[in-house]
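Numbered from 1 within each chain, the chains take letters A, B, ... in sequence-line order. In this text, all values refer to a predicted model and were calculated from it rather than measured experimentally.
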Amino acid sequence: MPHVSPSPAPALFLHDSQRRATVPFQPLDPAHIKVYYCGPTVYDLAHIGNLRAMLTADVLVRLLRTLYPRVTFVRNITDVDDKITARARANGEDIGALTQRTTAEFHQDLASLGVLPPDIEPRATHNIGEMQAMIARLIENGHAYAAQGHVLFSVGSFPSYGALSGRNPDELEAGARVEVAPYKKAPGDFVLWKPSDADQPGWDSPWGRGRPGWHIECSAMSHRYLGDSFDIHGGGSDLLFPHHENERAQSLCCFPHSQFANYWVHNAMLLVDGEKMSKSLGNFLTIRDVLAQAPAEALRLLLLGTHYRSTLNYTQAGLNEARKTLDRFYRALSSVPDVPATPVPQTVLAALAEDLNTPRAIAELHVLANQAMGGDREAAGALKAGGALMGLLQGDPAQWFRGESSAEEDAAIENLITERLAAKKARDFTRADALRDQLQAQGIVLEDTKDGTNWRRA
RNA sequence: GGUCCGGUGGCAGAAUGGUGAUGUAGCGGACUGCAAAUCCGCGUAUGUGGGUUCGAUUCCCGCCCGGACCUCCA
């Protein structure tokens, strides 16, 4: 019954932040989709808010790969930043050591969540030359100016400044909470290049030894790896302004006849227990904090359980529920012998094609799981295939239920189960229940079936 | 202050101008020695006040509440 016949791919709709509407996705070149995401600034462990953006990108890219023959996904590493310099100093650590270590930790964390690596992962420090070339070009074009060792982008030189984030540059000044640096011609002008002290990282440049401003790196790297126009640029909604607005301004002024990013995808923020995650509130959660108390897949399912454009409230209860949901999904998969390889079910694909509606896609997985539970092998295959599209359900069910355990542990458990079965056979239920309680105390749950007793970890 | 987003059952979370998914929790039942798992059944929701409409949860306006951004936070 489930949808194994090849069907035409559904049309992809995406919510574009700039158009402020959900619109049909029309690739620049259907033969090759190009996606750029802002990656992490590597000075500390990634938190679950960072993860949300990475997961949104992951599902988007997985979906694009099923709809189009070729996708190039670029996600940068920001390895030069004043936060990095400050942290390295605080740690008494070399900057390179800090960024390398943090990058490795980032990769490990994402890998444990099943987030596929980008095709290209450029580092800012490897692209200083490209940044300088863009800055020089912006100065030539009259869009930037040097002042007191800084180079600043002149916001007034770009009429459509503010179009992405829906801001009026004149109104920005009114509520500005930051002091305007004296070398700025206009308050909204932002730094492309800034001078470095001897103890700050720096590179020689026509404007003196210095380092790039934050925004120019993404313009330089997206241009180098994707060209002056590409399909999708994504990131957290907090990057919309000023980061993405500024990127757009730089890139369009540098390459006036380009489109830069054709679609902008922004995920909403995440709360923890209803409050903004912050170190001072004590509710700051790194990916590793969560993985210490639940399987990575449960975290993944939890984060995909809310649409990416809605605020997501992370709670322990939600994490537990995600875990129970996976129990059911894996139980459905294991209820069917030899789950067949099946195309992605249309119901799941259609949900994701509507602006990455992962909650609806997961609801469709429940429908398939219910069918699989009733013995429908095709549904089980579809469940697994649909899960794969979201990076879920690719594990071994036995592994899911039993987790990591040694052969000795397993043997000990099996022994107690055998003993209990003997007691049951002798109708010594007191003894049998005592053995079951003993296992329960170890976190082992028993399930008696016609064919014997199964066990799993609670 | 400016701009923007949201308020759906106990909880999580979709959708929609015409009887509101999916899950979880709860209740009842089947199965079980008892459980666990599974299956069957049940109930409960559109913040508030107006407007448009034959009909509004959906569109419009006010109000209340929550959240985001407003120069380097995903």
Give none if [N] has no partner; otherwise give the nucleotide forming a Watson-Crick or G-U wobble pair with it, both distances under 3.5 Å.
| N | value |
| --- | --- |
| G6(B) | C65(B) |
| U58(B) | none |
| U53(B) | none |
| A25(B) | none |
| C31(B) | none |

Assign [X] to base, sugar-phosphate, or nothing according to its heavy-atom contacts below 4.0 angstrom with the strands shown.
| X | value |
| --- | --- |
| Met54(A) | nothing |
| Arg420(A) | base |
| Arg456(A) | sugar-phosphate |
| Ala363(A) | base |
| Leu446(A) | base |
| Gly235(A) | sugar-phosphate |
| Arg309(A) | nothing |
| His243(A) | nothing |

In this structure, how many angstroms lie between the [atom2] atom of [N] and the [atom1] atom of [X], rounded?
| X | N | atom1 | atom2 | answer |
| --- | --- | --- | --- | --- |
| Phe401(A) | A36(B) | CZ | C1' | 12 Å |
| Lys194(A) | U71(B) | NZ | C1' | 11 Å |
| His266(A) | C70(B) | NE2 | C1' | 15 Å |
| Leu368(A) | A21(B) | CG | P | 19 Å |
| Asp437(A) | A36(B) | CG | P | 13 Å |

Residue pair Asn76(A) / Thr78(A), side-chain donor-acceptor N/O under 3.5 Å: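 There is such a pair between these side chains.
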Short side-chain donor-acceptor distance under 3.5 Å, Arg328(A) and Asn370(A):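 Looking only at side-chain atoms, Arg328(A) and Asn370(A) do form a donor-acceptor pair, the distance falling under 3.5 Å.
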For [N], does either OP1 or OP2 sit under 4.0 Å from a side-chain N or O belonging to [X]?
| X | N | result |
| --- | --- | --- |
| Lys276(A) | G67(B) | no |
| Arg331(A) | U38(B) | yes |
| Asn246(A) | C72(B) | no |
| Asn370(A) | G23(B) | yes |
| Arg323(A) | A12(B) | no |
| Thr306(A) | G13(B) | yes |
| Lys324(A) | A25(B) | yes |

Pairing of Asp433(A) and Arg436(A) as salt bridge, 4.0 angstrom limit: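 Here Asp433(A) pairs with Arg436(A) in a salt bridge, since their nearest N and O are under 4.0 Å apart.
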Closest-nucleotide ordering on RNA chain B, the 5'-leading residue of Glu354(A) and Arg427(A):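 That would be Glu354(A).
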5'-most by nearest nucleotide on RNA chain B - Ser165(A) or Asp82(A):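 With Ser165(A) and Asp82(A) compared, the 5'-side residue is Ser165(A).
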CG (Asp437(A)) with more than 12 external heavy atoms under 6.0 Å: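 Check passes, neighbour count above 12.
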Verdict with supporting geometry, Phe329(A) and His366(A), ring-ring contact (aromatic ring centres under 6.0 Å, His included): CA-CA 8 Å; Phe329(A) 286 163; His366(A) 278 288; 4.7 Å; yes
Centroid-centroid under 6.0 Å between His143(A) and Phe158(A) rings: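 Between Phe158(A) and His143(A), which both carry aromatic rings, the centre distance is not below 6.0 Å.
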Aromatic ring proximity, centroids under 6.0 angstrom, Phe230(A) and Phe260(A):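 Close enough - the centres of the two rings lie under 6.0 Å apart.
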Rounded distance in Å between the P positions of C72(B) and G47(B):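 Nearest-Å result for C72(B) against G47(B) at atom P: 37 Å.
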